[in-house]
Amino acid sequence: MNKLLSLCIALLALAGCAGPKERFVLLPQPDGSSSSIVVKTASGETALAQPYASVETAGGKAGKTATLNEGDVQARYSPLLQNLPQRPRSYDLLFELGSDRLTPDSRKLLEQAIEEFRKFPAGEFILVGHADDIGSAAVNETLSVRRARLVERELIRAKIEPLSIEVAGKGAREPRVPQKKGVPEPRNRFVEIRIR
């Protein structure tokens, strides 16, 4: 699964005869965790590895790094931040043993996710179904697709209007948790919803 590792803001401003300047500000991941980027210039590389770390470059050289205040970044770059594309998202919905019925907790999660999807206009949805390794490969393959199709129907019923919905089933081929054949593993009975 591809994940967004980092997101930076690059702002270009001309400063008289000094030539172009760029400022890079590293934003945190959606969950607030750190990520990193490397800013390359003609004179070398500068790593930014903490949320709101910043560096300005000019004339092929990087200046000193600094850590900006979150509030200052939000205030200064508000118009730009409001126009950033939505970040890719992923949701995992768990299912009951041998069926395409969502667990009660996952039913609630799907309802919450649908409300979030309404704020994610025209996304591309990828629904990937999985099964634990209880039955035959053919049964698990069919079950994983049925699970993904159930989620697809729920999205359509909720009038989510994506650019596209792609459905796939992985059977028991890509478990999240190692398991022995024939031993139930609830964490491997899921549909992953990816939005980009």
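Hydrogens, waters and symmetry mates are skipped; everything else that's a heavy atom, side chains included, is used. Throughout, numbering of the chain's residues begins at 1 and tracks the sequence.
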Query - Heavy-atom pair with the smallest gap, counting every atom of S144 and G169 - result: OG-CA, 3.3 Å
Query raised in the report: Can you get from L93 to L150 by hopping between Ile, Leu, Val, Met, Phe, Trp and Tyr side chains that sit under 4.5 Å apart?
Result: yes
Query - Beyond-backbone contact of H130 with P175, side-chain heavy atoms, under 4.5 angstrom - result: no
Report task. Would you check if the side chain of D132 reaches a backbone N or O of E185 as a donor-acceptor pair within less than 3.5 Å? Result -> yes
Query - NZ (K181) with more than 12 external heavy atoms under 6.0 Å - result: yes
Query raised in the report: Is R118 salt-bridged to E115, going by a charged N under 4.0 Å from an acidic O?
Result: yes
Query raised in the report: Are any non-hydrogen side-chain atoms of F95 and R101 less than 4.5 angstrom apart?
Result: no
Query raised in the report: Looking at CG of N69 and CD of Q74, how far apart are the two atoms once the value is rounded to the nearest 0.5 Å?
Result: 10.0 Å
Query - Atom of R189, atom of G98 and distance for their closest heavy-atom approach - result: CD-N, 4.4 Å
Query raised in the report: Is there a path of hydrophobic side-chain contacts, each under 4.5 Å between heavy atoms of I, L, V, M, F, W or Y residues, that connects I114 with V128?
Result: no
Query - Atom pair CG/OH of L27 and Y77 - distance to nearest 0.5 Å - result: 10.0 Å
Query - Residue pair S36 / L48, side-chain heavy-atom distance below 4.5 Å - result: no
Report summary line: When rounded to the nearest 0.5 Å, the distance separating CD of Q179 from CZ of R187 is 9.5 Å
Query raised in the report: Would you say E192 and R194 make side-chain contact, with heavy atoms under 4.5 Å?
Result: yes
Requested in this report: Take S35 and L26, measure what side-chain contact (heavy atoms from CB on, under 4.5 Å) needs, and give me the verdict at the end.
Outcome: CA-CA 8 Å; S35 56; L26 182 66; 3.8 Å; yes
**Report entry** For V25 against Y52, the heavy-atom pair lying closest together
**Finding:** CG1-CA, 4.2 Å
Report summary line: Tightest non-hydrogen contact, residues S99 and R147, listed as O-NE, 2.8 Å
Query raised in the report: Is there a path of hydrophobic side-chain contacts, each under 4.5 Å between heavy atoms of I, L, V, M, F, W or Y residues, that connects I126 with I165?
Result: no
Requested in this report: Could you tell me whether a side-chain N or O of T103 sits under 3.5 Å from a main-chain N or O of S106, the two making a donor and an acceptor?
Outcome: yes
Query raised in the report: Between K170 and E141, is there a donor-acceptor pair closer than 3.5 Å when you use the side chain of the first and the backbone of the second?
Result: no
Query raised in the report: Looking at A168 and A148, what are the two nearest heavy atoms and their distance?
Result: O-CB, 3.8 Å
Report task. Could you please spell out the steps behind the side-chain contact (heavy atoms from CB on, under 4.5 Å) verdict for T65 and T46? Result -> CA-CA 8 Å; T65 60; T46 303; 3.3 Å; yes
Report task. Report the C-alpha separation of E154 and R107 in whole Å, then their side-chain angles, then the decisive distance to 0.1 Å, and conclude whether the side-chain contact (heavy atoms from CB on, under 4.5 Å) test is met. Result -> CA-CA 10 Å; E154 292 292 327; R107 171 59 64 189; 3.3 Å; yes
Query raised in the report: Out of curiosity, K21 NZ to R23 CZ, how far, rounded to the nearest 0.5 Å?
Result: 9.0 Å
Query raised in the report: Do side-chain atoms of T142 reach the backbone of A138 as a donor and acceptor pair under 3.5 angstrom?
Result: yes
Query - Verify same cluster id: L110, L127 (apolar side-chain graph, 4.5 Å) - result: yes
Query - Salt-bridge criterion met for D92 and R176 (N-O under 4.0 Å) - result: yes
Query raised in the report: Cluster question for you: counting only ILVMFWY and a side-chain heavy-atom cut-off of under 4.5 Å, with indirect links fine, are L97 and L94 together?
Result: no
Query raised in the report: Should the ring pair Y91 and F117 be called parallel, tilted or perpendicular, given that the plane angle runs from 0 to 90° and is split at 30 and 60?
Result: perpendicular
Query raised in the report: Where the side chain of R146 meets the backbone of G129, is there a donor-acceptor pair that is under 3.5 Å apart?
Result: no
Query raised in the report: Does the side-chain contact (heavy atoms from CB on, under 4.5 Å) test come out yes or no for V167 and R149, once each step is laid out?
Result: CA-CA 7 Å; V167 174; R149 290 278 180 216; 3.5 Å; yes
Requested in this report: Taking N140 for its side chain and A172 for its backbone only, find out whether a donor-acceptor pair lies under 3.5 Å.
Outcome: no
Query raised in the report: Quick one: CD on E116 to CD1 on I160, what's the gap to the nearest 0.5 Å?
Result: 11.0 Å
Query raised in the report: Just how far is it from atom CD of E96 to atom CG of D100, taken to the nearest 0.5 Å?
Result: 10.0 Å
Requested in this report: Decide salt bridge (charged side-chain N to carboxylate O under 4.0 Å, His left out) for E111 and K108; before the verdict, give the C-alpha distance in whole Å, the side-chain angles of both, and the deciding distance to 0.1 Å.
Outcome: CA-CA 5 Å; E111 290 169 10; K108 289 178 188 170; over 6 Å; no
